[in-house]
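Okay, so here's the structure we're looking at.
Side chains are part of it too, since the values below use all heavy atoms of this structure and drop only hydrogens, waters and symmetry mates. The structure displayed is predicted, hence computed values, not measured ones. Throughout, protein chains are lettered first and strands after them, A, B, ... in sequence-line order, and every chain is numbered starting at 1.
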Number of protein chains: 2
Amino acid sequence: MRNSRSDVVAAALRVLDAQGLEFCSMRRVAAELDVQPSALYHHVADKQTLLALMADEIVGTVDLGSENPAGICADLRRALLGIRDGADVVATASAFRLGASAVEARLGELLGEDGARTLLLYVFGHAQSTQTQLQARELGVLADGPSPVELDASFARGVGIILDGVRAD
Amino acid sequence: MRNSRSDVVAAALRVLDAQGLEFCSMRRVAAELDVQPSALYHHVADKQTLLALMADEIVGTVDLGSENPAGICADLRRALLGIRDGADVVATASAFRLGASAVEARLGELLGEDGARTLLLYVFGHAQSTQTQLQARELGVLADGPSPVELDASFARGVGIILDGVRAD
DNA sequence: ACCTGAACACCGTTCAAGT
DNA sequence: ACCTGAACACCGTTCAAGT
């Protein structure tokens, strides 16, 4: 046995974190494993499937035990921001199978379907925008804009607004 | 004078609507204009810039006169869904310059910054997910899932939740 | 089962040169 | 000012063939 499917996913996540989604090509993932590009297709149907598996891995670390929706959202955000372009990867993959995720199911139990959906879309959107801004800042493309602390606070306020709205229903 | 910058943007929007974002390449936009790919770089710095101009065009049709935030959101959604992959194009482009858009400024006047931001991220996320689902349905990849009417309703409920939350603040 | 090697049909972008 | 032609360094994916 040489490489397994999870070796491929792990290598892809390493490439993602090191180079970003733009450069996370099948060819670079193959190179990370010292293997020809075509070898990947023995483990994975296509790139889209690989991205979905990566998304599962990223979201899999979220703690669903809590009764506190704001806590779950914060933990999801932590997971998304924990790897380069994580929000993009998960948002794109989830768009294809919203309702399939354990996080949405758990939030649905706590808040109802509409609340869960509203909250999730907000968390993805905010995390995506945060990650894009922080990267632009690193590249020196963007000088101004909110600091990380301000972004944390703005995230929390948005979650608060939505939770207030769910309760007001 | 042969082609202008707006000719390029218009051609790109035609290709986008006909083929989708995945196939909206610089080479295909050039072909749409009966021109070599390299000719586009006389009008536009790179593909990212072209996508930003397309996003401006898409969002430019939104009516900002109304005092009613829900109405503005509905109109923004109409604009995003009015062209294939419009939500994706605008969401990606806006991530780079949130705060720059006229829509966010107008919603900010009506609701405050946090409310405007929360609402906008939700509208983008919902429209993106809607567009992905409808396309998957067309391709026969997805058989079940909410109908267009149900998607409209779920959108309206999400907007309602957020507006209730803003008022409860 | 897992991988190589070679090929196919694409990309975005640059740059000298033409009109 | 606007465009061509040619090139460069990439893509994702397929498929026969090897072990």
Query raised in the report: How about Val8(B) and Leu53(B): do any of their side-chain heavy atoms sit closer than 4.5 Å?
Result: no
Report summary line: Ranking dC2(C), dC15(C), dT13(D) by distance to the side chain of Asp46(A), first place goes to dT13(D)
Query raised in the report: How long is the line joining CG of Leu40(B) and C1' of dC11(C), in whole Å?
Result: 13 Å
**Report entry** Working for salt bridge (Lys or Arg N to Asp or Glu O under 4.0 Å), residues Asp114(A) and Arg117(A)
**Finding:** CA-CA 5 Å; Asp114(A) 289 333; Arg117(A) 186 182 183 72; over 6 Å; no
Requested in this report: Provide, to the nearest angstrom, the distance between the CZ atom belonging to Phe23(B) and the P atom belonging to dC10(C).
Outcome: 10 Å
Query raised in the report: Got more than 12 heavy atoms from elsewhere within 6.0 Å of CD, Glu57(A)?
Result: no
**Report entry** Leu50(B) CG to dT13(C) P, straight-line distance once rounded to whole Å
**Finding:** 10 Å
Query - Note, Leu51(B) side chain near Thr92(B) side chain (heavy atom, < 4.5 Å) - result: no
**Report entry** Residues in contact with DNA chain C, drawn from residues 26-33 of chain B - heavy-atom cutoff 4.0 Å
**Finding:** Met26(B), Arg27(B), Arg28(B)
Report summary line: Between the OH atom in Tyr122(A) and the CG atom in Leu119(A), the distance rounded to the nearest 0.5 Å is 9.0 Å
Review item, nucleotides 16-19 of chain D N/O atoms under 3.5 Å of protein N/O:
none

Report task. Using the P atoms only, state how far dA9(C) lies from dA9(D), rounded to an integer number of Å. Result -> 22 Å
Query - Residue Asn3(B), side-chain atoms from C-beta onward, closest of dC15(C), dC3(D), dG5(C) - result: dC3(D)
Report summary line: Rounded to whole Å, the CD-C1' distance (Glu22(B) to dC10(C)) equals 12 Å
**Report entry** Closest listed nucleotide, where the reference is the side chain of His43(B) and the choices are dC15(D), dC2(C), dC3(D)
**Finding:** dC3(D)
Query raised in the report: Which dot-bracket string describes DNA chain C (Watson-Crick N1-N3 plus N6-O4 or O6-N4, or G-U N1-O2 and O6-N3, all under 3.5 Å; [ ] crossing; | other strand)?
Result: ||.|||||...|||||.||
Query raised in the report: Any side-chain heavy-atom pair from Phe155(B) and Cys73(B) closer than 4.5 angstrom?
Result: yes
Query raised in the report: Closest to the Lys47(B) side chain: dC3(C), dT14(D), dT13(C)?
Result: dT13(C)
Query - From Thr49(A) atom OG1 to Arg5(A) atom CZ, the distance as rounded to the nearest 0.5 Å - result: 7.5 Å
Requested in this report: Report yes or no: does Glu150(A) contribute a side-chain atom to a donor-acceptor pair with the main-chain N or O of Ser147(A) at less than 3.5 Å?
Outcome: yes
**Report entry** Among dT14(D), dC3(C), dG5(D), the one nearest Gln36(B) by side-chain distance
**Finding:** dG5(D)
Requested in this report: To the nearest Å, give me how far apart CZ (Arg5(B)) and P (dC3(D)) are.
Outcome: 14 Å
Report task. Kindly say whether, by distance alone, the side chain of Ser25(A) makes a donor-acceptor pair under 3.5 Å with the base of dG12(D)? Result -> no
Query raised in the report: Stepwise, does the salt bridge (Lys or Arg N to Asp or Glu O under 4.0 Å) test hold for Arg106(A) with Glu67(A)?
Result: CA-CA 9 Å; Arg106(A) 183 66 180 124; Glu67(A) 302 280 309; 3.4 Å; yes
Requested in this report: Decide yes or no for Leu151(A) and Leu134(A): does some side-chain heavy atom of the first lie under 4.5 Å from some side-chain heavy atom of the second?
Outcome: yes
Requested in this report: Name the residue closer to the 5' end of DNA chain D, choosing between Ala39(A) and Cys24(A) according to the nucleotide with the nearest heavy atom.
Outcome: Cys24(A)
Query raised in the report: Which atom pair, heavy atoms only, marks the closest approach of Arg84(B) to Gln19(B)?
Result: NH2-C, 3.6 Å
Query - 4.5 Å side-chain heavy-atom contact, Leu33(B) and Arg2(B) - result: no
